[in-house]
Amino acid sequence: MFDPQHAFVDPLLAWYERNGRHDLPWREPERTPFELLLAEILLQRTTAEAVAGAYRPFAARYPTPETVAVATTDEIRTHVAPLGLVKRAAYLRRCASEILARHSGDVPREYPELVNLHGVGEYTARSVLIHVTGLGIAAVDTNVKRLLSRFFDVNPDRNRIAVLADALTPSTRSADFQHAMLDFAAEVCTAGSPACSSCPLRGSCESSEEQFTPR
DNA sequence: AAAGCGGGGCG
DNA sequence: CGCCCAGCTTT
């Protein structure tokens with residue numbers, strides 16, 4: 001009977017402190033909730049590397065809901081186009097308008113109101129809560145789903161993974177833990193050919209072929 | 001429940 | 001060339 005805290009959470013956080021992507025611009029602590037929400041929408045089905053290259057000018061051009069709402073969709077589209085999923089330009093504009101109309105220009109701090117914003121689904125709403133309010137929950141994206149389903153050898157059912165991820169999350173370090181899962185899955189437990197042979201969680205991973213290797 | 005969106009990176 | 005990426009809206 002193994003302890004997931006000792007086998008997974010602690011070593012993952014240790015890996016993250018040394019190897020995490022601590023330079024991603026939207027992780028800067030002075031980022032506003034709206035700047036964070038912008039990043040989350042740009043990151044949907046888009047590599048962090050790609051967003052990292054476009055984020056600073058984007059956030060500087062659209063620092064508030066007002067600046068997005070008064071911009072034309074075409075102008076926003078020129079910024080989103082290099083990232084793909086260009087419909088997000090319209091999502092962003094409508095989302096900003098909704099924040100102005102419903103929430104006086106402030107990003108809401110409650111899940112039901114967040115998830116009702118255009119372009120904001122369960123993942124994005126949870127991520128905003130984690131970063132803005134420090135709520136001790138997890139947000140399940142493609143990385144978290146892959147990492148947890150492999151390590152714990154469970155069916156990658158979204159709801160199952162969500163329950164597991166929430167249970168694993170350290171209540172006072174949810175943002176660090178979220179970043180740790182994302183970075184680890186993107187750099188070690190990758191989709192195509194994971195680096196199992198050099199994985200620091202190898203010994204406890206239920207998907208590892210070497211877990212029973214003697215000596 | 002399934003389709004559609006999308007450019008860019010990588011093997 | 002095919003697969004994948006901090007998902008979500010629409011049908």
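Throughout, protein chains are lettered first and strands after them, A, B, ... in sequence-line order, and every chain is numbered starting at 1.
Using a 4.0 Å heavy-atom cutoff across all strands shown, A/Ala191 reaches sugar-phosphate atoms only and no base atom.
Atom CZ in A/Arg45 sits about 17 Å away from atom P in B/dG8, given to the nearest Å. B/dG7 atom P lies 18 Å from atom CG of A/Leu43, rounded to whole Å.
Remark: A/Glu122 engages A/Arg126, A/Arg158 in a salt bridge (charged side-chain N to carboxylate O under 4.0 Å, His left out) (not counting sequence neighbours). With sequence neighbours left out, A/Tyr91 forms a ring pair (Phe, Tyr, Trp, His ring centres under 6.0 Å) with A/His118. In this structure A/Glu98 satisfies the salt bridge (charged side-chain N to carboxylate O under 4.0 Å, His left out) test together with A/Arg94, A/Arg102, sequence neighbours excluded.
Using the six-membered ring where Trp is involved, A/Phe8 and A/Phe151 have ring planes that are tilted, between 30° and 60° apart.
First and last contacting nucleotides of DNA chain C toward chain A (any atom under 4.0 angstrom from a heavy atom, 5' to 3' order): C/dC4 to C/dT10.
Shown here for A/Leu37 and A/Val128, the closest heavy-atom pair between the two residues is CD1-CG2, 4.0 Å.
Formation of a donor-acceptor pair under 3.5 Å by the A/Arg88 side chain with backbone atoms of A/Gly84 is found in this model. With hydrogens and angles disregarded, no donor-acceptor distance shorter than 3.5 Å links the side chain of A/Thr190 to the backbone of A/Ala186. In terms of modelled atom types and a separation under 3.5 Å, the side chain of A/Arg31 and the main chain of A/Pro25 share a donor-acceptor contact.
Using a 4.5 Å heavy-atom threshold, the side chains of A/Met181 and A/Leu12 count as touching.
Going from the C1' atom of C/dA6 to that of B/dA3 covers 22 Å, rounded to whole Å. Taking the P atom of each, B/dG6 and C/dT11 are spaced 14 Å apart, rounded to whole Å.
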Can you check nucleotides 2-5 of chain B for protein contacts, nitrogen or oxygen pairs under 3.5 Å, and list what you find?
none

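Of the two residues contacting DNA chain B, namely A/Ser193 and A/Pro82, the nearest-nucleotide position lying further toward the 5' end is that of A/Pro82. With the nearest nucleotide of DNA chain C identified for both A/Arg94 and A/Gly192, A/Gly192 has the one nearer the 5' end.
Residues from residues 110-122 of chain A with heavy atoms under 4.0 angstrom of DNA chain C, sorted by number: A/Leu117, A/His118, A/Gly119, A/Val120, A/Gly121, A/Glu122.
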